[in-house]
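Below is one structure, written out as structure tokens; the observations come after it.
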There are 2 protein chains.
Amino acid sequence: MAQTPRPALAGALAPRGQATRTEPAKLAIDDIDRLLIRELVADGRATLSTLAEKASLSVSAVQSRVRRLESRGVIRGYTANVDPEALGQMLSAFVAITPLDPSAPDDAPSRLQHISAIESCHSVAGDDSYVLMVRVGSPRHLEQLLHEIRQTANVNTRSTIILQTFYDK
Amino acid sequence: MAQTPRPALAGALAPRGQATRTEPAKLAIDDIDRLLIRELVADGRATLSTLAEKASLSVSAVQSRVRRLESRGVIRGYTANVDPEALGQMLSAFVAITPLDPSAPDDAPSRLQHISAIESCHSVAGDDSYVLMVRVGSPRHLEQLLHEIRQTANVNTRSTIILQTFYDK
DNA sequence: TCTGAAATCTACATCCT
DNA sequence: AGGATGTAGATTTCAGA
């Protein structure tokens with residue numbers, strides 16, 4: 001119910017010159033897409049019908065938009081948000097790493113990818129080459145992990161313990 | 001199919017003394033829970049029937065387990081994983097902040113919470129008090145954001161630009 | 001993008017162990 | 001307590017317009 005009668009208005013607001021300028025693949029994300037994305041970030045299991053209501057669109061229109069966002073890679077996937085501490089990962093830290101041998105090929109990310117305690121890996125501009133986010137069960141495990149990281153990637157590590165996470169959107 | 005015939009075995013392995021020791025809420029997470037969590041982290045929109053198949057359980061058993069994990073806070077929620085660059089957030093950074101006045105009440109997280117460019121906020125042990133992860137559209141926006149952070153929380157900032165994100169599980 | 005109908009999924013009540 | 005089955009009501013999917 002309450003469809004937005006925008007077609008005519010949109011046409012009036014965006015009159016097009018005679019030549020269609022090269023717009024091969026319309027990659028534009030409009031306000032409805034943004035609304036859908038916002039809702040799906042807030043609740044990754046929101047139903048198409050709920051989304052349709054909020055967007056004042058039909059279920060199938062929402063479905064095709066969501067599919068499009070997914071296939072374009074705007075929405076990469078959906079995931080459950082799990083409390084690490086409930087799973088025994090009581091200690092989180094940022095680990096900044098720098099190569100020991102600056103002339104060696106720098107493939108730290110792929111070398112470290114298999115280590116499940118490493119949650120994320122970013123290359124950064126600054127004192128260090130990469131910053132990792134890691135989660136382990138205890139200080140003892142962190143020690144083991146740092147040892148493994150140093151050996152695997154031939155790097156120095158500099159760790160910053162996370163005391164509390166206030167939010168992580 | 002292929003139910004594990006564990007009841008008798010479990011009873012034999014865990015004989016209980018006469019007094020039920022204070023076990024108010026069994027907070028144990030078993031292997032099936034872990035499997036369900038793993039699947040839901042990999043695909044937050046997995047259906048109960050899919051999960052039931054993978055766990056070799058009935059749909060209703062899976063349903064009650066997932067509900068339990070949700071109400072216990074093990075699963076905090078579900079979210080869509082969105083490509084920030086597709087939304088015009090071309091620049092990400094870690095921003096470490098330290099209070100200008102160490103004697104002032106330290107409520108930086110709540111003061112900063114409303115700023116939408118701030119994705120996460122952790123208090124840390126180390127040179128700085130907090131580490132934020134921020135996403136903005138351009139260097140110019142980062143400058144504005146840093147200004148806003150400094151003013152809002154009365155802190156110094158030290159930023160580390162993220163050049164590339166290799167993975168973020 | 002909409003409507004509508006079929007296939008699938010979820011929620012819940014009931015029974016079993 | 002935890003799990004199976006059955007069923008009504010939602011939800012998703014897909015055709016045609």
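Minimum heavy-atom separation, B:A28 to B:D33: O-OD2, 4.1 Å. In plain terms, the two heavy atoms of A:A80 and B:I75 that are nearest each other are CB-CG2, 4.3 Å.
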Worked check of side-chain contact (heavy atoms from CB on, under 4.5 Å) between B:L40 and B:L51: CA-CA 8 Å; B:L40 283 170; B:L51 296 173; 4.0 Å; yes
side-chain contact (heavy atoms from CB on, under 4.5 Å) between B:S120 and A:T165, intermediate numbers included: CA-CA 8 Å; B:S120 63; A:T165 295; 5.7 Å; no
Interface polar pairs with nucleotides 14-17 of chain C, N/O, under 3.5 angstrom:
none

What protein N or O atoms touch nucleotides 14-17 of chain D N or O atoms at under 3.5 angstrom, if any, and at what distances?
none

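Between A:S49 and D:dA10 there is no side-chain polar atom (N or O) within less than 4.0 angstrom of OP1 or OP2.
Judged purely by distance below 3.5 Å, without hydrogens or angles, the side chains of A:Q164 and B:Y130 never pair a donor atom with an acceptor atom. Between the side chains of B:R111 and B:T152, no donor N or O sits under 3.5 Å from an acceptor N or O.
Between the CG atom of B:L57 and the P atom of D:dG3 there is a distance of 6 Å, given to the nearest Å. In this structure, the CG atom of A:L51 is 8 Å from the P atom of D:dT12, given to the nearest Å. Look at CG on A:L48: it is 17 Å from P on C:dT8, rounded to the nearest Å. Atom CD of B:E53 is separated from atom C1' of D:dG3 by 18 Å (rounded to the nearest Å). Atom OH in B:Y78 sits about 13 Å away from atom C1' in C:dT10, given to the nearest Å. Following rounding to the nearest Å, A:R45 (CZ) and D:dT12 (P) show an atom-to-atom distance of 10 Å. Distance CZ (A:R68) to C1' (C:dT1): 12 Å, rounded to an integer number of Å.
A 4.5 Å side-chain heavy-atom check between A:R72 and B:D83 finds every atom pair outside the cut-off. By the 4.5 Å heavy-atom criterion applied to side chains, B:V95 and B:I97 are counted as neighbours. B:H122 places a side-chain heavy atom less than 4.5 Å from the side chain of A:F94. Here the side chains of A:D30 and A:R65 are in contact, with some heavy-atom distance below 4.5 Å. In this structure, B:V124 and B:S129 have side chains that are not in contact, with every pair of non-hydrogen atoms separated by 4.5 Å or more.
Using a 4.0 Å cut-off on heavy atoms, none of the residues of residues 31-39 of chain B approach DNA chain C.
Of the candidates D:dG3, D:dT12, C:dC9, the closest approach to any side-chain atom of B:T47 belongs to C:dC9. With C:dC2, D:dG2, D:dA4 as the candidates, the nucleotide lying closest to the side chain of B:S58 is D:dA4.
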